[in-house]
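The structure appears below as structure tokens.
Positions are given from 1 along the sequence. Only heavy atoms go into these numbers, but all of them, side chains included; no hydrogens, no water, no symmetry mates.
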Amino acid sequence: MPEPKYLAQLRGRLVDLGCPVFQVRRLVREVADHRDDLLRTAVVEGCSASEAEARADGQLGDPLELAERLTAVVRRSSWWGRHSFIGFGLLPVVVIPVLWVLLTGVGIWLEYAVGCGLNDDRLHAAAARPDGFRHICMAINGADYVAIVLVTLLFCWLTYRAAASFKWTVTACVVSALWALFTRVSIQPHNLWLGFWGTWPVHNIWTPQLIRCAVPLLILGVTYAFQRRTAQRFLESAAG
């Protein structure tokens, strides 16, 4: 039996509004069950099949407006949906340095736990050996990039789970990109610091900064393509 046009329109609008697929399935199923109840009631009261469908659809209201109301309920059901500006506009600035510190702390923990991390003695010794110090620089810069990538992915996932508008995904990624552009991790012999714009040396800084800035924007593009492809496949499978 073909799916009613009402449910197909509802599903398509929910997807357009950014509802995650698992929420769309649940919401459409609940509306379908309620619609079936309205159909049975209309038939019992003497309506024909076509009249019963028209009556049930009229009682449910416009499917596009219903989708917007249901999406609003989903957003209000989570802290992230209720406080999108704080969650996606401000928190990335806090979470990135916190995660960076935690990742750096793993090196300290490894030193005391299994003897393979970083400490002052090891840094001082490595400063006299260019090859060894280069490996430490790679590890510190790697932790920096990992923090940026993980935080960007985390907030992309949170916006999706909260059914937040895609503009909040863009906001979180742009905030992460600006953080990456205007901060800098520097490790030198006997010196490790996380600096902000205005405290850097003036030479050889913009190329790595632009690369760091591009990482969240690249993730934004991949996220957009993935979500659109997932939504398209979902709608195609539902229609089939």
State, with a plain yes or no, whether a side-chain heavy atom of Leu14 is found less than 4.5 Å away from one of Arg11. no
Distance-minimising heavy-atom pair for Arg75 and Leu17: NH2-O, 2.9 Å
What's the separation between atom CG in Leu153 and atom OG in Ser176, rounded to the nearest 0.5 Å? 9.5 Å
Glu65 and Arg13 ion-paired at < 4.0 Å: no
Are Val146 and Trp157 in one and the same hydrophobic cluster, where Ile, Leu, Val, Met, Phe, Trp and Tyr link if side-chain heavy atoms are under 4.5 Å apart? yes
Side-chain heavy atoms nearer than 4.5 Å, only ILVMFWY residues, links allowed to pass through others: does that put Val31 and Leu235 together? yes
Hey, are the side chains of Leu181 and Arg212 touching, using non-hydrogen atoms and a 4.5 Å cut-off? no
Could you tell me which non-hydrogen atom of Ala162 sits nearest to which non-hydrogen atom of Ser78, and how far apart they are? CB-OG, 3.6 Å
Please determine whether a side-chain nitrogen of the Lys or Arg among Asp57 and Lys5 lies less than 4.0 Å from a carboxylate oxygen of the Asp or Glu. no
Assess whether a salt bridge exists between Arg26 and Glu30, defined as any Lys/Arg side-chain N lying under 4.0 Å from an Asp/Glu carboxylate O. yes
Ala163 and Thr71 have their tightest heavy-atom pair at O-CG2, 4.3 Å
Student check: side-chain heavy atoms of Pro20 and Arg161 closer than 4.5 Å: no
Do Phe85 and Leu154 share a hydrophobic cluster, counting only Ile, Leu, Val, Met, Phe, Trp and Tyr and linking them when any side-chain heavy atoms are less than 4.5 Å apart? yes
Flag, side chain of Thr230 to backbone of Gln227, donor-acceptor distance under 3.5 Å: no
Minimum heavy-atom distance between Gly89 and Pro92, given as atom pair plus value: C-CD, 4.2 Å
Is the closest side-chain heavy-atom distance between Trp179 and Pro97 below 4.5 Å? yes
Tightest non-hydrogen contact, residues Pro63 and Tyr6, listed as CD-CE1, 3.6 Å
For the residue pair Leu91 and Val175, establish whether any side-chain heavy-atom pair is separated by less than 4.5 Å. no
Quick one: SG on Cys173 to CG on Leu218, what's the gap to the nearest 0.5 Å? 10.0 Å
How long is the span from the CD atom in Glu51 to the CG atom in Leu39, to the nearest 0.5 Å? 12.5 Å
Neighbour count >12 (heavy atoms, 6.0 Å) for atom CZ, Arg82: yes
Verify the neighbour count for atom NE2 of His83: are there more than 12 heavy atoms of other residues, nucleotides or ligands below 6.0 Å? yes
Mind checking whether Val95 and Phe155 have side chains closer than 4.5 Å, heavy atoms only? yes
Interatomic distance, CZ@Phe22 vs CZ@Phe234, rounded to 0.5 Å, equals 11.5 Å
Interatomic distance, Asp37 atom CG to Arg40 atom CZ [nearest 0.5 angstrom]: 4.5 Å
Heavy-atom pair with the smallest gap, counting every atom of Pro216 and Thr152: CB-OG1, 3.7 Å
Do Ile86 and Tyr160 share a hydrophobic cluster, counting only Ile, Leu, Val, Met, Phe, Trp and Tyr and linking them when any side-chain heavy atoms are less than 4.5 Å apart? no
Decide if atom OH of Tyr224 counts as having more than 12 heavy atoms of other residues, nucleotides or ligands within a radius under 6.0 Å. no
If I take atom CG from residue Leu178 and atom OG1 from residue Thr183, how far apart are they, to the nearest 0.5 angstrom? 10.0 Å
When clusters are formed by joining ILVMFWY residues with side-chain heavy atoms under 4.5 Å apart, either directly or through shared neighbours, do Leu60 and Val73 land in the same one? no
Looking only at the aromatic ring of each residue, does the gap between the centers of Trp80 and Phe88 stay below 6.0 angstrom? yes
Quick one: do Arg25 and Val21 satisfy side-chain contact (heavy atoms from CB on, under 4.5 Å)? Show the steps, please. CA-CA 6 Å; Arg25 289 196 181 99; Val21 169; 3.2 Å; yes
